[in-house]
Amino acid sequence: MTLLAWSAVLLFFCLSGRIASFLIPAFRVNVLLAGLVFLVMACCFLFLPGVAQCCDDELCGHPLGRWKFGRIVTFLILLLPMVTAAMFSPKNFGAAAILNRGIATDAAGLVQRSAPARIRPPQPLPSAQPVVDNPAEPALPTKNGSQPATAAATPAPAQTAADDYLPKSKDGNIVVQVIDLLYAAQDSSMRADFEGKTVETIGQLMPDDTHNGNGNRFKLMRMFMYCCAADAKPIAAVVESPQQPTAPEMAWVKVVGKVDFPIEGGRTIAVLKATSVKQTDPPAETMLY
Amino acid sequence: MSWFSFHFTDFALSFLSIIFEGIPFLLLGSLASGAVEAFVPRESITRWLPKNFAAAIMVSALLGLVLPMCECASVVIIRRLIRKGLPLPCAITYMMAAPIVSPVVALSTYVAFRGQSPLEMTLLRMVLGFLIAVGIGLAVRDFPAEKLLQPAMLDSLPGRRRTGLSMAVAGDDAVLNLTGGGVRGKLFRTVQSATSDFLDVTFFFVIGAAIASTFNTAVNQSLLVPVATNPALSVMAMMLLAFMLAICSSTNAFIAVSFRMFPPSAKLAFLLFGPLFDTKLFFLYGAVFRRWFVLTLGIGLFIVIALICNHLGLILNT
């Protein structure tokens, strides 16, 4: 009974696609396989009732299986939380859990990963001079004694080079995810790809209490998952908009605007200067990974 | 902002994600344990042991590589191994090492720490787990079985009078004869043993996942900054958490990695201490060993692992 219930829950989440809100793709196949193995094991017990004994009394090393009350408690603990959680689990965390975890607006506190393949250039762009990530910090001179260029002074790469690998929307805007903007803020070559260009992205609307001196900013938040939703970290790009959006907090919005990377509080952050903020449907996969 | 704000839907999302992530590994460990139980004759294990004591201890600490068992299963198994004549220090060494020095645990640790120095964390966990188990095996060498084992367990040893049933250990002839002794019968024995181990351990895993999910979603984690950023406090806090959560060694890496605010040394302490001594093991050990030994083991492990991880923290956390 327990094995059947577990099998049903695991297979339901896999086959319905709801598993996408819980795990990164690499782990999803494990859940499917586990569901199938549970099914096979349950069939063994269904068709061979003798196998269903725990152990014989002498050999039994399972303290909870020795007495009836223990078996009932085990049954309830194994089934009740699992089934209840399966019935009421949403696709995304609520505002309270997000605020409890704290929202990151830069990639410094995130696990260092290479840039996502979809926004990574197919080969390194040739650069005549080394680029300094933070113009406020002095850079080492080059071998020939010339001063390295700062990110701001570096000429933007040719539009055609970026166009080759950056995905575009029907309107010609560069389609990015919030995490791309955060990584770009830490990486001069990615920053040059986005800076001053019109991009569009979606996320959940959250008020901005930390970078909002003029009262014209809000956060565009996504959950960034390492392995599973339990370890997901809320991340956000700052959006600057002349008109505050009318959508409620935590609503999904699509923002179109130009990207800027100002240095605030001693660190480079991604700010999206919005030309359009519209409420939209949640994406198929609410978590980024 | 309140330090605690519980919302069931957030809890459900976090809880299920830990369950979905960990259950396949728990199942894999249980199946491996069941297969060993059904297919590997216990006498063959003792035949492989070297005659030299220190070498035998080291081989016992590596047995988990070929006989992968989670911590609950290893406690169950050593009762049978002791009954089959495995020296007590070797059995204790195997019991301590198997939940850490095992391919299943290595794989789950590596996968869980993807993007967070997985190779370093996995190697440190394996090597330190091995060394700690060997140290305990060598330390109990001079203790007679009468001082370490529960009376009922002592009575079940070869050559002793057997009384009572609470800790009685049966030989191979007591294996349930459900479907004959052939491969088919052993396969069913594998399923039976794997299911029993799985349900037993999952009971504690579900409770651990529930506690971890409550912590992850309801507690304002900015309050943990003072603890998480203090190297010594963070190590001890994670060890206490490992004791309370009682999560299986094959899946606890996934829980450890979710405590993002804590430094790597504290996560390593969680990974080392949890499989060796937690709430469920306290009770399981008590069924085999005398209470003084269980308490000494717990306190000793806590101090040794805290010292090791604090020292390693100077390198790991930079």
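Below, read A as the first sequence line, B as the second, and so on, with proteins coming before strands; counting in each chain starts at 1.
With a 4.5 Å cut-off on non-hydrogen atoms, A:Leu33 does not touch chain B at all. Proximity to chain A is limited to the side chain of B:Phe198, based on heavy atoms less than 4.5 angstrom apart. Neither the backbone nor the side chain of A:Phe75 comes within contact range of chain B; no heavy atom of the residue lies under 4.5 Å from a heavy atom of that chain. Looking at B:Phe4, neither its backbone nor its side chain comes within 4.5 Å of chain A, counting heavy atoms on both sides. In this structure, the portion of B:Phe15 lying under 4.5 Å from any heavy atom of chain A is its side chain and not its backbone. When heavy atoms are compared at a cutoff of 4.5 Å, B:Ile19 approaches chain A solely by way of its side chain, counted from C-beta outward. Using a 4.5 Å cut-off between heavy atoms, A:Ile98 does not touch chain B at all. Contacts between B:Leu28 and chain A at a heavy-atom distance below 4.5 Å are absent for every atom of the residue. At a 4.5 Å heavy-atom cutoff, the contact between B:Thr9 and chain A is made by backbone and side-chain atoms alike. For B:Leu16, the parts lying near chain A are the backbone and the side chain together; criterion is any non-hydrogen pair under 4.5 Å.
Contact annotation: the side chain of B:Thr202 approaches that of B:Ile23 to within less than 4.5 Å [non-hydrogen atoms, C-beta and beyond]. In this structure, the side chains of A:Asn92 and A:Gln204 come closer than 4.5 Å at one or more pairs of heavy atoms. Between A:Met206 and A:Glu249, some side-chain heavy-atom pair lies under the 4.5 Å cut-off.
Proximity of a side-chain donor or acceptor of A:Thr280 to a complementary backbone N or O of A:Trp252 within less than 3.5 Å is not detected. Without hydrogens or angle criteria, B:Ser108 side chain to B:Val105 main chain gives a donor-acceptor distance under 3.5 Å. Between the A:Arg222 side chain and the A:Pro234 main chain, no donor and acceptor come within less than 3.5 Å of each other. Listed for the A:Arg28 side chain is a donor-acceptor partner under 3.5 Å among the backbone atoms of A:Leu23. Panel note: side chain B:Arg189, backbone B:Arg184; no donor-acceptor pair is recorded below 3.5 Å.
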Report the C-alpha separation of A:Tyr289 and A:Phe224 in whole Å, then their side-chain angles, then the decisive distance to 0.1 Å, and conclude whether the ring-ring contact (aromatic ring centres under 6.0 Å, His included) test is met. CA-CA 5 Å; A:Tyr289 42 83; A:Phe224 180 65; 8.6 Å; no
When you look at A:Asn100 and B:Ser5, which way does the side-chain hydrogen bond (donor to acceptor under 3.5 Å, both in side chains) test go after all the steps? CA-CA 8 Å; A:Asn100 278 337; B:Ser5 53; 3.1 Å; yes
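Taking B:Val111, B:Leu26, B:Ile18 one by one and counting their heavy-atom pairs under 4.5 Å with chain A, the maximum is reached by B:Val111. Among A:Phe27, A:Phe38, A:Phe93, the residue making the largest number of heavy-atom pairs under 4.5 Å with chain B is A:Phe93. When each of B:Leu31, B:Val219, B:Val257 is scored by its heavy-atom pairs under 4.5 Å with chain A, the top score falls to B:Val219.
In this structure, a donor-acceptor pair under 3.5 Å is absent between the side chains of B:Glu21 and A:Asn30.
Scanning for side-chain contact (heavy atoms from CB on, under 4.5 Å) contacts around A:Ala247 gives A:Leu205, A:Ala251, A:Val253, A:Gln279, with sequence neighbours left out.
Applying a 4.5 Å heavy-atom cutoff, the residues of residues 81-90 of chain A that approach chain B are A:Pro81, A:Met82, A:Thr84, A:Ala85, A:Ala86, A:Phe88, A:Ser89, A:Pro90.
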